Number of protein chains: 2
Amino acid sequence: MKKYTIKDIAELAGVSKGTIDRVIHNRGNVAKDVEDKVKQLLSDIDYQPNLIARNLKNNRIYQIGALLPDPKKDAYWEVCSDGIQQALSEFSAFDIRMNTFLFDPTDTKSFVAQHKKLLDSAPDIILMVPLFYKEAKTVLEQYKSLNIEVCTFNNQIDASSASFIGQDLYQSGRVAAKLMHSIIDNGDMAIIHIDEKYKNAVHMQEKEKGFKSYFEDLNGFKDAILKCKIRYTETEDKLRDFLKDHPNLTGIFVTNSKAFHVARLLESENKNHIKLVGYDLLAENVNYLKDGVIDFLIHQNPRQQAYLGLKFLIEHLVFEKEIPGKHLLPIDIINSENVKPFLRA
Amino acid sequence: MKKYTIKDIAELAGVSKGTIDRVIHNRGNVAKDVEDKVKQLLSDIDYQPNLIARNLKNNRIYQIGALLPDPKKDAYWEVCSDGIQQALSEFSAFDIRMNTFLFDPTDTKSFVAQHKKLLDSAPDIILMVPLFYKEAKTVLEQYKSLNIEVCTFNNQIDASSASFIGQDLYQSGRVAAKLMHSIIDNGDMAIIHIDEKYKNAVHMQEKEKGFKSYFEDLNGFKDAILKCKIRYTETEDKLRDFLKDHPNLTGIFVTNSKAFHVARLLESENKNHIKLVGYDLLAENVNYLKDGVIDFLIHQNPRQQAYLGLKFLIEHLVFEKEIPGKHLLPIDIINSENVKPFLRA
DNA sequence: CGCATAACTGTGTTCGAGCACAATTTATGA
DNA sequence: TCATAAATTGTGCTCGAACACAGTTATGCG
């Protein structure tokens with residue numbers, strides 16, 4: 001129960017604290033028999049260094065670099081800064097400096113350019129959203145060769161050693177399917193990808209797979225699952241045509257945060273009977289959720305993703321904790337009645 | 001940007017660090033003009049003491065007392081200890097000792113008895129589940145007069161100054177109603193209270209109110225909302241009778257963690273068409289959720305409640321942070337597809 | 001054996017805040 | 001005026017880990 005200090009151990013071992021220190025940090029210059037004895041003692045009493053004292057001595061300024069999408073270009077990212085602020089305030093006892101570089105989420109060049117600036121700022125460790133697969137992979141390799149640890153969130157870049165925080169997208173497709181299944185009786189469904197064009201579409205494909213797999217697992221399911229890919233610029237016309245072509249649609253699943261486009265159309269064309277499930281708590285989505293045009297939203301919780309990522313990084317720097325290789329957040333189901341606390345949390 | 005130390009300020013003010021320290025802690029024995037000057041300086045540069053150094057010096061052992069329901073008597077409480085462990089591990093840098101006293105959640109006497117033991121352990125601060133309204137009120141007043149701060153969770157005791165962490169129960173009733181409304185077409189509904197007898201029933205009443213209020217807000221809603229109170233010991237018979245008496249029931253809302261009792265009956269009587277919404281991720285509930293007998297569960301997240309409560313207390317002791325007066329957790333909607341990560345998180 | 005060098009071990013300072021106590025200045029009264 | 005008390009200010013040690021450097025013992029070799 002008692003907490004041992006280096007001094008205590010020195011007395012127990014009959015040597016000076018300098019020797020204990022050399023053993024703990026494997027700094028050599030210790031007689032073999034003494035080293036063995038001290039190591040035994042350390043493990044016997046399960047010595048845990050006082051991290052407070054260690055940090056006081058180290059007294060370092062930690063530089064954390066962040067490479068994040070610009071919230072001005074896509075409101076989805078707005079809440080990330082809240083999560084970052086929360087983590088910083090929890091660790092305000094330590095001197096942690098953040099250098100944040102924002103890139104345009106529609107522009108791979110901007111990503112690379114901001115990455116270069118980030119590198120110049122000589123960060124100890126990095127938090128990033130690896131939005132573009134190819135570019136991110138190169139960038140991550142570069143950090144690896146420099147021995148700078150990275151925590152990524154939102155997108156998982158496979159075959160990278162970087163740690164990842166996010167959701168199981170396949171499973172979130174299944175969640176959407178289950179929700180859809182519980183609110184529609186029968187009739188055709190559609191999966192709509194409103195492609196922001198810039199994102200490599202792995203995201204949406206995973207969700208589609210999960211959605212389909214749920215219905216394939218049901219026996220005796222007969223209705224059709226249609227699919228529709230729409231470019232961001234031509235959204236409205238294409239959507240209107242699609243609805244006209246498929247008059248007996250009963251449910252629509254939008255695989256990203258753009259469900260409000262569909263909601264707008266459903267409302268203006270008085271097709272409220274079509275159930276709608278989408279992603280993310282953008283203000284426009286939330287409004288349609290409250291109005292009953294959108295039935296469910298799945299919350300990807302970018303705020304929590306950023307918070308956790310930064311927290312892991314700080315705990316690694318300060319307490320030498322391991323950064324988890326992969327951390328999956330729960331998939332939050334949101335309807336009009338439980339949305340409120342999620343907007344701030 | 002630079003972090004000022006007491007020594008820096010002493011130099012700036014042209015006095016010694018002892019004087020700065022006296023001003024900061026209002027320990028008197030400082031000439032009026034010097035005091036004013038130093039105070040001005042402190043606020044000018046927005047001095048923040050180095051909490052690492054402060055904690056090293058203080059080097060206190062913090063004693064936290066906990067008064068919690070025994071998980072052996074009700075599985076709902078099992079996950080609390082996970083939350084407590086997580087908080088302790090996050091603050092393992094500090095010497096925090098927990099004395100946990102478990103009471104029988106069916107027995108007010110046990111609550112009072114364990115409270116007395118807790119008092120004898122001379123805690124600096126207390127975490128508790130104030131399960132029994134009357135007794136908890138007395139107990140909380142006692143702590144208040146002793147100037148021991150308390151954080152409560154799960155139950156809110158109004159008119160107490162203790163901080164509270166939990167959910168908005170009225171709103172969670174509304175969430176249940178919205179879910180029910182989205183999965184049933186029409187027909188009668190029932191609110192079933194399976195009273196554990198020991199809890200003052202405020203909990204379930206709030207949920208009932210919320211549930212009803214949702215349907216009252218709809219215009220043109222005509223179906224009946226029945227109500228059924230069942231004592232824990234006579235559950236099965238009473239339930240069977242109730243179902244027989246109301247053959248055109250389409251939805252059942254169970255206001256606590258006992259939905260599995262209803263699920264068991266629905267399954268054995270082949271009444272799977274009746275939709276079922278309940279609370280809490282007990283193993284039995286989760287099984288019926290996966291089997292499709294229970295449609296939705298609302299997660300009250302006792303693990304997170306305990307975690308946050310303890311975290312607030314520790315941050316108060318260690319960093320002198322304010323304990324939030326009231327912290328409401330989001331209301332998590334769980335179906336068979338998103339349940340998994342909630343079981344561990 | 002003597003002496004250089006290597007191998008090992010002990011001492012003392014630092015980080016910043018907090019506090020006891022010593023030291024200094026100012027006020028008071030005979 | 002001077003002793004003494006009161007008010008004010010300064011100094012130095014502590015907390016525990018980390019590390020530089022000084023000190024000590026052992027080993028090798030001519």
Side-chain angles (χ1 to χ4, degrees), chain A residues 1-39 41-42 45-62 91-96 317-321, chain B residues 1-39 41-42 45-62 91-96 317-321:
Chain A
M1 205 70 250
K2 173 180 164 21
K3 290 223 169 179
Y4 290 91
T5 71
I6 284 191
K7 213 175 129 197
D8 295 330
I9 294 160
E11 274 170 29
L12 285 171
V15 292
S16 74
K17 65 200 180 84
T19 301
I20 306 297
D21 184 68
R22 275 181 287 267
V23 173
I24 287 172
H25 296 283
N26 287 309
R27 289 203 265 112
N29 294 324
V30 180
K32 188 78 176 62
D33 56 334
V34 176
E35 182 172 351
D36 290 344
K37 187 180 163 192
V38 171
K39 277 191 171 160
L41 198 56
L42 285 171
I45 64 174
D46 185 31
Y47 169 72
Q48 299 296 131
N50 183 326
L51 298 176
I52 305 295
R54 172 178 290 174
N55 272 291
L56 177 61
K57 184 65 189 43
N58 287 355
N59 203 25
R60 278 190 54 193
I61 296 171
Y62 300 101
F91 290 94
S92 59
F94 305 92
D95 200 348
I96 290 160
L317 292 175
V318 171
F319 300 130
E320 291 174 2
K321 284 200 190 171
Chain B
M1 205 71 250
K2 173 181 164 19
K3 289 221 171 180
Y4 289 92
T5 71
I6 282 191
K7 214 175 128 197
D8 295 330
I9 294 161
E11 273 170 29
L12 284 172
V15 293
S16 74
K17 68 197 184 82
T19 301
I20 306 297
D21 184 69
R22 276 182 285 266
V23 172
I24 288 172
H25 296 282
N26 287 309
R27 290 204 265 111
N29 292 324
V30 180
K32 188 75 177 61
D33 56 334
V34 176
E35 181 172 351
D36 289 346
K37 187 180 162 192
V38 171
K39 277 192 171 160
L41 198 55
L42 286 171
I45 63 174
D46 186 31
Y47 169 73
Q48 300 295 131
N50 183 326
L51 298 177
I52 306 294
R54 171 179 290 174
N55 272 292
L56 177 62
K57 184 63 195 23
N58 286 355
N59 203 26
R60 276 190 56 192
I61 298 171
Y62 300 101
F91 290 93
S92 58
F94 306 93
D95 199 349
I96 291 161
L317 291 175
V318 171
F319 299 130
E320 292 175 0
K321 284 198 191 174

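Within every chain, numbering begins at 1; the chains are lettered A, B, ... in the order of the sequence lines, protein sequences first and strands thereafter. Quick caveat: nothing in here was measured; it's all calculated off a predicted structure. For the numbers below, each heavy atom of this structure counts, side chains included, while hydrogens, waters and symmetry mates do not.
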Rounded distance (Å) that lies between atom P of C/dG16 and atom CD of B/Glu11: 12 Å
Here the distance between atom C1' of D/dC19 and atom CG of A/Leu56, to the nearest Å, is 14 Å
Carboxylate-amine/guanidinium contact B/Asp33 B/Lys37, below 4.0 Å: no
Ionic contact status for B/Glu11 with B/Lys7, cut-off 4.0 Å: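 Here B/Lys7 does not pair with B/Glu11 in a salt bridge, since their nearest N and O are not under 4.0 Å apart.
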Hey, does the side chain of [X] come within less than 4.0 Å of [N]'s phosphate (OP1/OP2), counting only N and O?
| X | N | value |
| --- | --- | --- |
| A/Thr5 | D/dC15 | no |
| A/Thr19 | C/dG10 | yes |
| A/Tyr47 | D/dA17 | yes |
| B/Ser16 | D/dG10 | yes |
| A/Asn59 | C/dT14 | no |
| B/His25 | C/dC19 | no |

Taking the side chain as everything from C-beta on, heavy atoms only, tell me whether A/Thr5 gets closer than 4.5 Å to A/Asn50. no
Are the side chains of A/Tyr4 and A/Leu42 in touch, meaning some heavy atoms are under 4.5 Å apart?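 Side-chain contact under 4.5 Å: no.
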When you get a sec, tell me which of C/dT9, D/dA17, D/dT8 is the closest nucleotide to the side chain of B/Ala31? D/dT8
May I ask you to verify whether the side chain of [X] and the base of [N] hold a donor-acceptor pair under 3.5 Å?
| X | N | value |
| --- | --- | --- |
| B/Arg22 | D/dG10 | yes |
| B/Lys57 | D/dG16 | no |
| A/Lys17 | C/dG12 | yes |

Quick one: on DNA chain D, does B/Val30 or A/Tyr4 contact a more 5' nucleotide (nearest heavy atom)? B/Val30
